[in-house]
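Below is the structure I would like to discuss, written out as structure tokens.
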Amino acid sequence: EANMTEKAKAALMLEATDAVKADFATSKELKKSSLQGAIATLKGAADKSDPVKDAYLKFFRAKAKSTVDEKAEAAAAREQMITKLNAVA
């Protein structure tokens with residue numbers, strides 16, 4: 001069970017990394033803000049936000065919302081199947 005959990009975590013991080021890479025590949029604004037943040041960090045200035053971290057958080061929030069929706073749909077489908085089986089029996 002722990003092995004399956006670790007595999008799921010690794011798959012989720014791979015999916016998140018691919019999504020964030022795609023976001024940064026298509027958005028000049030994200031690239032620019034990331035570069036400015038890196039330069040500010042090197043100069044010692046405290047940058048209030050990290051665009052890469054924000055992109056990962058955005059991905060995980062969207063993924064969590066879709067997971068909740070999928071669970072609700074699965075529960076509804078299960079209830080329908082139980083209703084049909086009870087009607088047949």
Side-chain angles (χ1 to χ4, degrees):
E1 189 175 312
N3 190 23
M4 289 179 65
T5 302
E6 289 301 316
K7 285 183 181 181
K9 283 184 196 177
L12 185 60
M13 282 305 297
L14 183 61
E15 183 181 355
T17 301
D18 290 342
V20 170
K21 280 183 184 178
D23 286 348
F24 273 83
T26 58
S27 174
K28 289 184 180 183
E29 186 176 316
L30 282 174
K31 288 180 190 177
K32 183 179 177 182
S33 65
S34 180
L35 181 61
Q36 288 174 343
I39 291 171
T41 300
L42 290 174
K43 289 183 177 180
D47 193 17
K48 56 186 168 196
S49 68
D50 180 7
V52 177
K53 180 182 172 184
D54 294 341
Y56 273 99
L57 290 174
K58 179 182 170 187
F59 171 82
F60 285 120
R61 285 184 186 122
K63 188 71 171 179
K65 184 178 180 189
S66 69
T67 302
V68 169
D69 292 341
E70 289 172 5
K71 287 181 181 179
E73 289 176 9
R78 187 174 336 135
E79 288 298 322
Q80 285 180 340
M81 184 176 288
I82 290 171
T83 303
K84 287 180 183 177
L85 290 174
N86 285 339
V88 171

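Basis for what follows: all heavy atoms, side chains included, without hydrogens, waters or symmetry-related copies.
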Atom pair CG (Leu30) and CG (Asp54), whose distance is rounded to the nearest 0.5 Å: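 That separation rounds to 9.5 Å.
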Thr26 side-chain N/O to Asp23 backbone N/O, donor-acceptor pair under 3.5 Å: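 Here the side-chain-to-backbone pair exists.
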Where at least one partner belongs to residues 25-43, residue pairs that pass salt bridge (charged side-chain N to carboxylate O under 4.0 Å, His left out), sequence neighbours excluded: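 Listed once each, the pairs would be none.
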For residues 57-65, dump all side-chain donor-acceptor pairs below 3.5 Å to protein atoms at least two apart in sequence or in another chain.
unit_1, atom_1, unit_2, atom_2, d
Lys63, NZ, Glu15, OE1, 3.3
Lys63, NZ, Glu15, OE2, 3.1

With Thr17 via side chain to side chain donor-acceptor pair (under 3.5 Å) - residues at least two apart: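 Result, side chain to side chain donor-acceptor pair (under 3.5 Å) vs Thr17: Tyr56.
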Distance (rounded to the nearest 0.5 Å) between Met81 CE and Asn86 CG: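 Separation between the atoms: 12.0 Å.
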ILVMFWY cluster membership beyond Ile39 - transitive side-chain contacts under 4.5 angstrom: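 Cluster partners of Ile39: Leu35.
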Members besides Met4 in its Ile/Leu/Val/Met/Phe/Trp/Tyr cluster (side-chain heavy atoms under 4.5 Å):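 None; Met4 is a cluster of one.
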By side chain to side chain contact (heavy atoms under 4.5 Å, CB included) - contacts of Lys9 (at least two apart):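 By the side chain to side chain contact (heavy atoms under 4.5 Å, CB included) rule, Lys9 matches Thr5, Glu6.
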